[in-house]
Amino acid sequence: MTPMIIGLTGSIATGKSTVSRMLKEKGYPVVDADEISRQVVEPGSIVLDKIADVFGEDVIDQNGRLNREKLGSLIFKDKSQRKKLNEIMHPAVRQEMIRQKESWLEKGFNTVIMDIPLLFESKLESYVEKIIVVTATPAIQRERLIARNSLSGEEADARINSQLPITEKEEGADAVINNNDTLEETERQLDVILAKWHALP
C-alpha cells in the first residue's frame, strides 16, 4: 500500500486543532506546523536570533524567549512585516516538517497528517496528496475568537481578515469539514472522508 500524505488546514477559529486532535486519537501521526514553529524559535536558536535582528530586541522577553504578543502586534496589521517574519520562519519549519514526515513513514505508518494552518498561503500543496479544509461561518469564527482570546470584535475581525478567505481554501480542498455544529457531527464528517480515501493509520 502506498503511503498517503493528507494536508489538514483551515482558518483561525474554524476548529482545525479539534480535528487534528481527533486524528491523533484515532492513531494517525500528525506533523504539526504550529508546534514546529514554536520549536524552531526556542531560546538560543538561529531562527530566534534572526527574528531579533529584524524586529528588534523588544520581541525577546527577559527569559530569552520570543514575546509572541509583541511580535503579533507588529505583524497582524502590516503585510510587509508579516512577509519578513515568514521569510525567516518558513524554511526552518518546512525542513523540520519533512524530517518528521519521513520519520513517521520509516516507522511504517500508512497515512501521515500534515497539519499546516497556512498550507495555501505558503503554497505547500505539493507537500501533500489530499487536502482537508476545516471550515466555519465567519460569524462563528468571530464568536469563538472573542471568547477564546478575549479580543474585541474589531481585533477578531482584523485577525480573520489577515488570512486568505476560507471560501478560497474550500475551493482548493479535496474534502471540507463544516465545523459549525456539534463535535459528534464534525467527527462523523471526518470518518466519512477517511473511509472514502481508505486512509488507514
With sequence neighbours left out, the residues meeting side chain to side chain contact (heavy atoms under 4.5 Å, CB included) with Asp115 are Leu8, Lys16, Ser20, Val30, Asp32, Pro117
I need the Lys130 NZ to Ile132 CD1 distance, nearest 0.5 Å. 10.0 Å
Listed partners of Tyr127 passing ring pair (Phe, Tyr, Trp, His ring centres under 6.0 Å), at least two apart: none
For Leu183, enumerate each residue passing the side chain to side chain contact (heavy atoms under 4.5 Å, CB included) test, keeping only those at least two apart in sequence or located in another chain. Thr18, Met22
Please name all residues satisfying salt bridge (Lys or Arg N to Asp or Glu O under 4.0 Å) with Glu168, sequence neighbours left out, ordered by chain then number. none
Is there a donor-acceptor pair closer than 3.5 Å between any side-chain N or O of Gln141 and the backbone N or O of Ser11? no
Could you work out, with side chain to side chain donor-acceptor pair (under 3.5 Å) as the rule, every residue matching Arg188, not counting sequence neighbours? Glu185
Residues in side chain to side chain donor-acceptor pair (under 3.5 Å) with Gln81, at least two apart? Lys84
Side-chain (Tyr28) to main-chain (Phe109) donor-acceptor, under 3.5 angstrom: no
With Ser80, which residues qualify under side chain to side chain donor-acceptor pair (under 3.5 Å), at least two apart? Asp78
Check: Glu155 side chain, Ser152 main-chain N or O, donor-acceptor pair, under 3.5 Å: yes
Under the salt bridge (Lys or Arg N to Asp or Glu O under 4.0 Å) test, residues paired with Arg65 that sit two or more places apart: Glu42
Is it the case that the side chain of Ser150 and the backbone of Ile146 share a donor-acceptor pair, with hydrogens and angles ignored and the cut-off at 3.5 Å? no
Review item, side-chain donor-acceptor pairs of residues 171-178, under 3.5 Å, at least two apart:
residue	atom	partner	partner atom	Å
Asp174	OD2	Ile131	N	2.7

Hits for salt bridge (Lys or Arg N to Asp or Glu O under 4.0 Å) against Lys26, two or more places apart or cross-chain, chain-then-number order -> Glu187, Asp191
Hey, is the main chain of Gly10 close enough, under 3.5 Å, to the side chain of Thr14 for a donor-acceptor pair? no
Tell me, please, which residues at least two apart from Glu125 pass salt bridge (Lys or Arg N to Asp or Glu O under 4.0 Å). none
Please list, chain by chain and in numerical order, all residues satisfying side chain to side chain donor-acceptor pair (under 3.5 Å) with Arg99, sequence neighbours excluded. Glu96
